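Notes for the one structure printed next.
Treat the numbers as computed from the prediction; the structure is a model and nothing was measured.
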There are 4 protein chains.
Amino acid sequence: MVIWRVDPPDGEPVFAQIVHSVKRAVATGRLKIGDRLPSVRELARELVINPNTIAKAFRALEAEGVTVSRRGAGTFVAERRVVVRADERRRRFRAALESVLADAVHLGLSEPEVRKLFDAALKRFRFDEGKREK
Amino acid sequence: MVIWRVDPPDGEPVFAQIVHSVKRAVATGRLKIGDRLPSVRELARELVINPNTIAKAFRALEAEGVTVSRRGAGTFVAERRVVVRADERRRRFRAALESVLADAVHLGLSEPEVRKLFDAALKRFRFDEGKREK
Amino acid sequence: MVIWRVDPPDGEPVFAQIVHSVKRAVATGRLKIGDRLPSVRELARELVINPNTIAKAFRALEAEGVTVSRRGAGTFVAERRVVVRADERRRRFRAALESVLADAVHLGLSEPEVRKLFDAALKRFRFDEGKREK
Amino acid sequence: MVIWRVDPPDGEPVFAQIVHSVKRAVATGRLKIGDRLPSVRELARELVINPNTIAKAFRALEAEGVTVSRRGAGTFVAERRVVVRADERRRRFRAALESVLADAVHLGLSEPEVRKLFDAALKRFRFDEGKREK
DNA sequence: GTGGTCTAGACCACA
DNA sequence: GTGGTCTAGACCACG
């Protein structure tokens, strides 16, 4: 799977698309703890995007605890550390899921189709790793 | 279930929260085809939100085909009509789902927890209705 | 062809749909000069529409010179009388046509398709009658 | 050809006139895919119209898929993508065309005149471009 | 009464 | 700089 899924006219802000790309890559194992992300300038050149936008995305990732940046060395995938209380994280997940499911209904997807796509997606994500790996 | 889940400081634009509220209510059967939504002014009073903001949400809902508005009459839940191609709607759902799952991983949810919450949520949505009902 | 093409949730105001129905019927010969329209109450019952809305449409038709109403007798298709200057009517037609054609392009219709639909539609309209008929 | 055909007292809402202006300009090739529209504020100044009104028109254009807007960047003519089913788009075109033709009859235009104006107008529209161009 | 349009002006988010 | 959101308030069009 490709890491960078960035499409400026998509509607989602470009910096958010970068944030999502990294989070998806980490959550699916495409990026592992300790892996180094490209430098801001490098990535800006590759994706043809303003470096300020990349820098903003990286700042957001660090604020969320997904990455850590070490001066002069670069940005790295961080050890996963859970900060949110159990009920709070369930609440957030449920809310996000409900929006997605409501959209699915309005898009005209059937329940079996949704179930199938969910199962398929779920397989690609690594839930119980992160705290053990390097 | 309550229909209106609106919390201005939430970060998500208020009008989008209203849009989501209605889509969720329709998708879960809390609102049925032909049902009349509260009037713009009425809802504005109830939620303590500027009427223009409500009107904007209703316009967005109409543009998405979720409702129809009639001057002098009100705003109604529309017949559900599927317009998007099958592959396109799968693509959209998959993308949205992946973001939600990536967030779940980073929130520290476990796979069984996610599965359980998904199953529970799925039960509340009505996938195969809409084209027949009143 | 059916005369009354009225669909409240269509977006076009209901009274305007009635006006268009009558103008279309007259222009295609479905209604002829001197023909009597249904009474306001009769039509309101038939179309399940507020009588005020019908009355408003009939007022608009009379203002445009399409119909004449005779007290106690009803509303009748009027002798066609042209009031607009030649250049003005060409200007109006051109403007309306351009909007329709622009929409056709954005809808994805092809030029031959448009040409064909135009030719087919044109055949159904009676341009050079009206001043002669009873 | 001038792009902006906006006349506030015309009866048609100002924002709709702007929408039509852009659609016409794109459909006739006056604006090409990827072209940047004037900024909201710039156009507001030029047309002496409230920026919110311009913004509303641009939002409507985006909802119809004619343009894409990017925060911080501007509003651009979108790749043309056909979403509506073939029969549906024919139905819509036919309905709009019939209203225009009925009006033409009532305006007193002759059939040859209508035909001539149609042929002339048709030449100015680009039906089969859009998916390939820059 | 209903929704729709337009203006004016503040403030935010993004590139 | 760009577009987006929200408020406040006037006025219009429709049923």
_Just to verify, which of A:Thr75, A:Thr53, A:Thr67, A:Val66 counts as forming a side-chain contact (heavy atoms from CB on, under 4.5 Å) with A:Phe58?_
A:Thr75
_Please check: side-chain N/O of B:Arg24 versus main-chain N/O of B:Val19, any donor-acceptor pairing under 3.5 Å?_
no
*Using a 4.0 Å heavy-atom cut-off across all strands, classify D:Phe58 as base, sugar-phosphate, or nothing.*
nothing
_Taking pairing as Watson-Crick or G-U wobble with both contacts under 3.5 Å, can you name the mate of F:dC6, or confirm there isn't one?_
E:dG9
*asked:* From CZ of D:Arg45 over to C1' of F:dG3, roughly how many Å is that when rounded to an integer?
replied: 15 Å
*Which residue, B:Glu12 or D:Glu42, contacts DNA chain F at a nucleotide closer to its 5' end, judged by nearest heavy atom?*
D:Glu42
*asked:* Which nucleotide wins on minimum distance to the side chain of D:Asn50, given the candidates E:dA8, E:dA15, F:dA13?
replied: E:dA8
*Polar pair under 3.5 Å, donor/acceptor by atom type, side chain A:Asn52, base E:dA15*: no
*Any donor-acceptor pair under 3.5 Å linking the side chain of C:Ser21 with the backbone of C:Arg5?*
yes
*Options F:dC14, E:dG3, E:dA8, nucleotide nearest the side-chain atoms of C:Lys56*: F:dC14
*For D:Ile18 and E:dT5, what is the distance between atoms CD1 and C1' respectively, to the nearest whole Å?*
12 Å
*For the side chain of D:Arg36, counting heavy atoms from C-beta on, which of F:dT2, F:dG15, E:dC6 is nearest?*
F:dT2
*Taking 4.0 angstrom as the limit, do D:Arg91 and D:Glu88 come out as a salt bridge?*
yes
_Of the listed nucleotides (F:dG4, F:dC14, F:dA8), which one gets closest to any side-chain atom of D:Glu62?_
F:dG4
*Which nucleotide in the set F:dG3, E:dT5, E:dA15 lies at the smallest distance from any side-chain heavy atom of D:Val40?*
F:dG3
_Nearest-Å distance for atom pair CD1/P, residues B:Ile54 and F:dT5_ = 15 Å
_Can you tell me whether the side chain of B:Arg41 and the base of E:dG1 have a donor-acceptor pair closer than 3.5 Å?_
no
*Return the nearest nucleotide to the side chain of B:Pro13; candidates are E:dC12, F:dC6, E:dG4.*
F:dC6
_d(CD, D:Gln17; C1', E:dT5) in whole Å_ = 12 Å
*Please figure out whether D:Val48 or A:Phe15 has its closest DNA chain E nucleotide nearer the 5' end.*
D:Val48
*May I ask you to decide if C:Arg89's main-chain N or O and C:Arg94's side chain share a donor-acceptor pair within less than 3.5 Å?*
no
_Could you tell me how far apart D:Phe76 (CZ) and F:dG3 (C1') are, to the nearest whole angstrom?_
11 Å
*No-hydrogen, no-angle side-chain donor-acceptor test under 3.5 Å, B:Glu98 and A:His20*: no
*Separation of E:dC14 P from A:Arg59 CZ (nearest whole Å)*: 11 Å
*asked:* Can you see if the side chain of D:Thr53 gets near the phosphate of E:dT7 - specifically, an N or O under 4.0 Å from OP1 or OP2?
replied: yes
*Measure from CG on D:Leu43 to P on E:dT7 and round the result to the nearest Å.*
12 Å
_Residue-phosphate contact under 4.0 Å: B:Ser39 side-chain N/O, E:dT2 OP1/OP2_ = yes
*Residue whose closest nucleotide on DNA chain F lies nearer the 5' end, C:Ala16 versus D:Gly74*: D:Gly74
*Name the nucleic acid region contacted by D:Ile49, choosing base, sugar-phosphate or nothing; use a 4.0 angstrom heavy-atom cut-off, strictly under.*
sugar-phosphate
*Can you tell me the distance, in whole Å, between the CG atom of B:Leu47 and the C1' atom of F:dC6?*
15 Å
*asked:* Can you identify which nucleotide, out of E:dG3, F:dT2, F:dC6, has its nearest atom closest to the B:Val14 side chain?
replied: F:dC6
